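A, B, ... follow the sequence lines: proteins, then strands. Residue 1 opens every chain. Every value quoted in this text rests on a predicted model; they were computed, and no experiment measured them.
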Protein chains: 2
Amino acid sequence: MLSPSQFIEKHRPAGGRRSSKRDFIVDVFLRQSGHLGADELVTLIRNEDARISRATIYRTLQWMVDAGIARRVDFGDGKYRFEHSYRHPRHFHLICRSCQQSFEFLSSDIEMLLEEVANARRFTPSESVLQIYGKCEQCQTGLPDTTPRVPLELVFARDALRVAIATERSGLAFYQRAARLARDPRGRRVFERLAAEEREHLSTLEARYRELTEAEPQLEAQPAFLFFKSASNGLFAAGVEELSAPGVADREALRIGIRCERASYRFFKQYGERFEESEGKRIFLEFADEEREHFELLVREFRALVARQRSRKVKPRRTTSTPEKATTVRRASRPRAGTTRAGAAAGGSRKRA
Amino acid sequence: MLSPSQFIEKHRPAGGRRSSKRDFIVDVFLRQSGHLGADELVTLIRNEDARISRATIYRTLQWMVDAGIARRVDFGDGKYRFEHSYRHPRHFHLICRSCQQSFEFLSSDIEMLLEEVANARRFTPSESVLQIYGKCEQCQTGLPDTTPRVPLELVFARDALRVAIATERSGLAFYQRAARLARDPRGRRVFERLAAEEREHLSTLEARYRELTEAEPQLEAQPAFLFFKSASNGLFAAGVEELSAPGVADREALRIGIRCERASYRFFKQYGERFEESEGKRIFLEFADEEREHFELLVREFRALVARQRSRKVKPRRTTSTPEKATTVRRASRPRAGTTRAGAAAGGSRKRA
DNA sequence: ATAGATGCAAACCCTTTGCACATTA
DNA sequence: TAATGTGCAAAGGGTTTGCATCTAT
């Protein structure tokens with residue numbers, strides 16, 4: 001993972017020349033955690049015993065924004081704040097109007113809805129600003145903030161792991177059920193193999209999660225940064241439900257699996273690519289890779305199954321399929337099959353809160 | 001509905017004195033449709049052949065904001081814009097970075113998610129700012145804007161009607177199915193009565209919609225203002241699905257209906273109260289009233305049913321229920337009755353969730 | 001040697017304000 | 001007449017810029 005100086009080098013635009021003053025400003029700036037106004041940065045620089053003119057600070061801030069090292073945010077109080085992007089993905093803000101403190105969050109669900117709105121207007125979005133103004137807990141209750149400050153970078157990694165784990169869990173449930181429902185022995189083996197993989201990967205992720213939280217005991221108490229609600233419910237949850245519909249043969253199960261893996265892959269890939277270099281980004285991209293592999297495996301299996309079924313039709317042998325109806329299983333685990341089927345027909349839209 | 005001058009009078013704070021200049025500024029301002037910077041308002045005033053100082057314009061803008069006549073919005077370009085609230089509910093913005101035009105929308109789904117985020121942080125929100133920056137369709141394609149401008153107020157009313165109609169439709173579907181499933185004759189009559197009411201109200205709403213769109217032919221082509229996705233899917237849609245579960249007796253159906261009506265009532269009431277005086281507000285509040293009445297009716301029926309069932313247990317008469325099994329109906333529409341019947345027998349009469 | 005970085009102070013932009021004068025109740 | 005509203009010009013704040021002076025390549 002990139003160190004702060006590697007981060008700067010990666011972003012340094014070609015053609016300019018180095019300058020010790022600029023380097024110093026950037027260094028001081030990167031050491032800060034929250035949002036800084038230009039003036040506050042000037043003060044910090046002065047405290048660190050350097051005499052750099054205000055104009056240079058402003059110019060360097062602009063330079064950092066252009067380079068992608070910093071982002072300029074507008075809290076609506078007539079002056080700009082700056083936050084660095086080192087290990088910080090782009091996010092939204094909660095802003096306390098009484099103490100001016102700000103809190104960061106990111107919601108994939110909201111971003112999805114924003115995309116829909118933009119699409120409906122045929123608007124090509126480039127950036128979204130979302131700020132919730134109000135009163136923070138401390139200013140509301142008058143009590144001091146007892147929660148210890150943990151670098152956002154760790155909370156981000158924690159939440160990335162949580163999302164991955166939730167997805168992994170729902171994936172495991174999916175393949176377990178699919179294996180149980182499978183009629184074709186080869187199909188069953190595929191599902192079992194994937195279930196085993198998910199199980200193993202899940203324990204890896206959980207170990208990583210434990211490691212992270214044990215290294216920083218305060219971490220679990222931190223409020224969430226990622227509000228990835230739909231993903232946290234498990235991207236395979238809908239698929240698991242669909243499996244329970246009547247008449248879901250191996251072929252259909254594969255199809256559902258393919259759809260879920262693709263959706264999952266895309267989701268983790270999209271965010272992983274968008275995030276700044278960080279542990280969170282790595283978790284997302286690694287997970288996306290896993291999902292892509294599963295996706296590809298399923299596609300291969302699907303093709304093989306189709307080929308097998310076709311050849312069987314041409315020169316029919318003994319029927320290997322339907323020795324026991326899926327219905328049996330269904331009745332045992334899930335009595336109301338009617339709804340599910342109606343829901344499945346409607347597509348993925350039936351998410352019940 | 002309030003006229004512009006009534007609107008001003010309603011908001012005029014007590015204790016101040018009238019002034020012809022201020023009145024004139026407010027009048028000019030209210031005649032505008034979009035967002036104005038202070039300077040643009042000065043220009044407008046000058047064009048209307050009045051010489052009013054810039055300071056007065058600024059002071060009047062502040063006065064309007066304090067009075068609730070105007071809202072100040074910050075598009076992040078270093079100057080404030082103002083929009084009046086006459087028949088315009090608070091909303092979010094899409095802002096084109098190349099032509100500076102802005103488009104308005106409101107999403108209840110996003111607002112719901114925002115509330116969840118704030119809750120998770122124990123943050124007390126007072127206002128949310130949401131802006132999507134990017135390129136509008138015209139600036140993207142280079143084509144001129146052919147869509148005729150229709151006052152937002154009408155689009156707002158149209159969308160309010162659409163949301164109400166969608167809810168009404170899903171409500172109708174709910175009561176129709178509930179009536180079909182009902183075993184108790186009195187329960188069935190209640191559901192039938194409510195279905196009839198919904199049908200009637202639905203046609204009223206549809207007539208109102210037709211009236212609106214016929215008066216302004218361009219209205220239907222306008223992009224949406226309200227993105228009330230979950231409501232537009234029908235607030236009873238989940239209820240309809242739940243009805244199909246096995247073992248849903250009259251009592252449970254009533255319970256589901258009560259839950260849906262209450263949710264619907266709250267939803268329309270909440271937004272209706274929040275909206276500025278307008279046709280859209282009226283539609284929401286009237287609809288909320290309807291839902292409240294249904295809610296109360298269902299609660300009464302539920303209580304009566306419980307009482308009836310209790311007294312029947314004490315002194316058992318001939319069974320008035322199950323002259324024909326609900327299963328019959330269900331089997332007709334849905335082939336797999338085996339599960340359903342078993343479920344109905346088991347859960348129907350005794351289990352209460 | 002020369003493009004690029006810095007310092008200083010002035011300019012900028014939008015907005016607010018102090019004070020004398022005008023209006024309204 | 002006494003409290004409010006208005007005009008003018010000046011001040012305010014955060015930010016940008018022109019220009020002379022450095023400094024890194």
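The side chain of S53(A) places no N or O atom within less than 4.0 Å of a non-bridging phosphate oxygen (OP1 or OP2) of dC8(C). Considering only side-chain N and O atoms, K21(A) lies under 4.0 angstrom from the phosphate OP1 or OP2 of dG7(C). Checking the phosphate oxygens (OP1, OP2) of dT16(D), no side-chain nitrogen or oxygen of Y58(A) falls inside 4.0 Å.
Nearest nucleotide to the I52(A) side chain, out of dT15(D), dG7(D), dG7(C): dG7(C). Relative to the side chain of Y80(A), the nucleotides dC8(D), dC8(C), dT15(D) differ in distance, and dT15(D) lies closest.
Of the candidates R46(A), K79(A), R54(A), R54(A) is the only one forming a salt bridge (Lys or Arg N to Asp or Glu O under 4.0 Å) with D39(A).
In this view, E277(A) satisfies the side-chain hydrogen bond (donor to acceptor under 3.5 Å, both in side chains) rule with no residue, not counting sequence neighbours.
Residues Q138(A) and L143(A) fail the side-chain proximity criterion, which asks for heavy atoms closer than 4.5 Å.
One atom, CZ of F82(A), and another, P of dT15(D), lie 7 Å apart when rounded to the nearest Å. Per the geometry, CZ belonging to R51(B) stands 13 Å off C1' belonging to dG7(D), to the nearest Å.
Counting all heavy atoms, side chain and backbone alike, K281(A) lies closest to F275(A) at NZ-O, 2.6 Å.
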Filtered N/O pairs between nucleotides 19-25 of chain D and protein, under 3.5 Å:
residue, atom, partner, partner atom, Å
dA24(D), N3, R17(A), NH1, 2.9

